[in-house]
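Predicted model, so just to flag it, every value in this text is computed and none were measured. Sequence lines set the chain letters: A, B, ... in the order given, protein chains first and strands last, and positions in each chain run from 1.
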There are 2 protein chains.
Amino acid sequence: MNHLTYRLRDFADLSQSDCDVLDRLSETNRTVFERGSSVVSEGEPVENWHVFYDGWAYHSKQLENGDRQIVGLVIPGDICGLNPAIVQRADHTVTALTRCEVSVIDRKTMKRTLETSSSIDRAMQVATFEIEAIQREWTTNVGHRNAVEGMAHLICEMHFRLRQAKVIDGDRFALPLTQQLIGDCLAISVVHANRTLSELRRLGLIAVSGGAIIILDLDGLYEAGHFDPSYLNIS
Amino acid sequence: MNHLTYRLRDFADLSQSDCDVLDRLSETNRTVFERGSSVVSEGEPVENWHVFYDGWAYHSKQLENGDRQIVGLVIPGDICGLNPAIVQRADHTVTALTRCEVSVIDRKTMKRTLETSSSIDRAMQVATFEIEAIQREWTTNVGHRNAVEGMAHLICEMHFRLRQAKVIDGDRFALPLTQQLIGDCLAISVVHANRTLSELRRLGLIAVSGGAIIILDLDGLYEAGHFDPSYLNIS
DNA sequence: CGGTGTGTTGAGTGATGTCAAGGAATGTGG
DNA sequence: CCACATTCCTTGACATCACTCAACACACCG
């Protein structure tokens with residue numbers, strides 16, 4: 001069983017044959033997207049499903065003044081929420097943060113698969129709803145929390161999701177985001193992102209080393225970010 | 001055909017029998033929620049589908065410090081996005097802004113209906129994705145736009161959705177939100193919401209009269225809010 | 001007719017943005 | 001292995017948007 005299938009098992013009870021189907025599905029049409037390249041572009045037709053076998057990406061919306069709001073992060077094993085059966089034109093862009101291996105599954109194949117297995121269908125729906133719940137939390141994070149709280153919350157979320165997805169198992173993880181991009185997640189300027197990160201270090205909550213975040217005080221970080229992971233366990 | 005069914009026809013091709021089914025569905029179990037009452041409460045199990053035949057509501061998340069972020073507005077004919085087939089516990093609260101007539105449809109009945117008609121199934125999925133797209137736009141609105149832009153955007157969105165849903169047909173509509181609640185949508189304080197509203201009036205974009213918004217200059221308002229409705233037409 | 005929720009306005013404060021400059025890290029071609 | 005470019009990080013000074021506190025006006029309602 002590959003790790004994508006493994007991941008989707010968290011979302012629904014999958015039979016052995018479901019798992020085989022998913023394994024095959026994720027291994028065909030494996031496409032590589034280099035760091036910085038667009039997987040889906042705002043305004044363009046959505047033709048295929050994109051399932052991230054490996055690599056990170058971000059969902060962003062472009063603003064008039066050149067700013068960019070990041071509306072979601074994709075980690076290995078995530079599906080990209082844009083459902084080509086429903087969405088005609090993408091309302092946002094998906095960009096690879098690292099080199100990504102993506103299973104590009106065309107609409108029809110996926111349709112047939114979902115019709116054949118209600119468990120897989122359910123797993124995809126649950127995954128979609130998790131994205132939705134995360135989105136609501138982000139609105140809250142960006143809106144009502146200050147920079148320190150928001151950044152602590154973001155780090156907690158990524159740590160939790162990475163552990164849940166079994167991508168990591170300790171309190172250290174690579175975060176392939178520049179401070180500019182972190183700022184775009186939280187809707188703060190680069191300069192302020194930098195100061196806020198320093199503040200979290202000063203508080204002894206995290207350390208940073210070569211693009212990796214080391215969580216020094218998880219409880220403290222949860223508290224600082226008012227992080228409550230229940231939104232990540234909706235089903 | 002009742003107006004709820006009429007609304008869902010925007011989302012999928014519904015046959016006459018689909019419409020009949022929906023009519024019957026929305027007319028059974030019609031429950032009234034008085035202004036201020038909770039339709040769904042954060043943390044509690046989600047047992048039923050809620051389809052708003054009439055009335056406004058808001059989705060909100062409670063914060064530690066007593067603040068509240070409104071993460072979405074429900075207008076007549078909307079479904080409440082919480083899908084009881086997927087979501088076990090609500091990650092947010094849904095509260096009636098006006099007296100609401102809600103069709104409360106239990107999970108099993110809906111399941112049977114969705115299995116019977118793929119068009120209805122599709123309509124519900126499209127409605128769900130529209131909510132998701134709106135949510136992304138709100139994250140952007142709250143994050144990267146200042147108070148004037150954000151408020152202009154919010155008014156544009158509601159005006160557009162109300163027209164799309166055929167709830168109104170002119171440039172005037174009742175907005176059953178106090179300035180406190182408007183502030184909670186945009187993540188600004190009441191005081192600032194008040195000043196921002198005055199600013200929009202001063203700019204000659206809108207007028208306010210007894211809880212109703214009158215749009216004086218729609219193009220100007222679109223521009224002020226950088227409003228582009230394409231996210232509301234995803235399918 | 002007083003109470004309660006809502007809207008309005010002023011004054012002072014704080015968080016975050018902008019601009020600017022330089023330093024560290026990383027990659028590339030010679 | 002070095003020279004250089006580029007990207008990213010860091011820090012300081014100053015500006016601004018939005019917040020808080022506070023007071024009062026207004027309207028609806030029992």
Side-chain angles (χ1 to χ4, degrees), chain A residues 34-36 58 63-70 95 97-99 141-154 174-203 206-213 224-225, chain B residues 34-36 58 63 65-70 95-99 141-154 174-203 206-213 224-225:
Chain A
E34 292 301 335
R35 175 163 164 267
Y58 64 90
L63 283 112
E64 318 67 40
N65 62 5
D67 277 9
R68 160 184 58 189
Q69 173 72 46
I70 295 183
T95 310
L97 272 170
T98 63
R99 184 172 181 282
N141 207 32
V142 159
H144 268 93
R145 294 201 242 267
N146 66 26
V148 169
E149 293 169 336
M151 193 170 296
H153 192 280
L154 177 66
L175 186 69
L177 289 168
T178 63
Q179 293 187 0
Q180 175 67 61
L181 289 164
I182 294 175
D184 290 341
C185 291
L186 300 171
I188 61 179
S189 65
V190 212
V191 173
H192 203 54
N194 182 283
R195 294 194 168 117
T196 306
L197 213 48
S198 307
E199 178 67 9
L200 289 181
R201 274 193 260 118
R202 199 189 60 74
L203 292 168
I206 62 167
V208 177
S209 149
I213 302 279
Chain B
E34 292 301 335
R35 175 163 164 268
Y58 64 90
L63 283 113
N65 61 4
D67 277 8
R68 160 185 57 187
Q69 173 72 46
I70 295 182
T95 310
L97 272 170
T98 62
R99 184 173 182 282
N141 208 31
V142 160
H144 269 93
R145 293 200 242 267
N146 66 25
V148 170
E149 294 168 335
M151 193 170 296
H153 192 282
L154 177 67
L175 185 70
L177 290 168
T178 63
Q179 295 187 355
Q180 174 66 62
L181 289 165
I182 294 175
D184 289 341
C185 290
L186 300 170
I188 61 178
S189 67
V190 212
V191 173
H192 203 53
N194 181 283
R195 289 188 230 259
T196 306
L197 215 46
S198 309
E199 178 67 8
L200 290 182
R201 274 193 260 116
R202 198 188 61 74
L203 292 169
I206 62 166
V208 177
S209 147
I213 303 279

Could you check which of [options] has an atom nearest any side-chain atom of [X]?
X        : options                : answer
B/Ser189 : C/dT9, D/dG12, D/dT20  : D/dT20
A/Arg195 : C/dT16, D/dT11, D/dT20 : D/dT11
A/Asn146 : D/dC8, C/dT16, D/dA13  : C/dT16
A/His192 : C/dT16, D/dC19, C/dT18 : C/dT16
A/Arg201 : D/dA18, C/dT9, D/dT10  : D/dT10
A/Val191 : D/dA18, D/dT11, D/dC9  : D/dT11

Quick check: do [X] and [Y] have side-chain heavy atoms less than 4.5 Å from each other?
X        : Y        : result
B/Arg68  : B/Gln180 : yes
A/Arg99  : A/Glu34  : yes
B/Arg145 : A/Glu64  : yes

Measure CG/A/Leu177 against C1'/D/dC9 and give the value in whole Å, please. 15 Å
Take atom CE of B/Met151 and atom C1' of C/dG7, then tell me their distance rounded to the nearest Å. 13 Å
Should B/Gln180 be listed as having a side-chain N or O under 4.0 Å from OP1 or OP2 of C/dT6? no
Reckon B/Asn194 has a side-chain N or O less than 4.0 Å from the OP1 or OP2 of C/dT8? yes
Determine the contact category for [X]: base if any of its heavy atoms lies under 4.0 Å from a base atom, sugar-phosphate if only primed atoms, P, OP1 or OP2 are that close, otherwise nothing.
X        : result
B/Val190 : nothing
B/Thr178 : sugar-phosphate
B/Ala187 : sugar-phosphate
A/Arg145 : nothing

Tell me whether B/Arg201 at atom CZ has more than 12 heavy atoms from other residues, nucleotides or ligands lying less than 6.0 Å away. yes
For a side-chain contact (heavy atoms from CB on, under 4.5 Å) with A/Ile70, tell me which candidate from A/Leu181, A/Ile182, A/Thr95 qualifies. A/Leu181
Between B/Arg35 and A/Asp67, name the one whose nearest nucleotide on DNA chain C is closer to the 5' end. B/Arg35
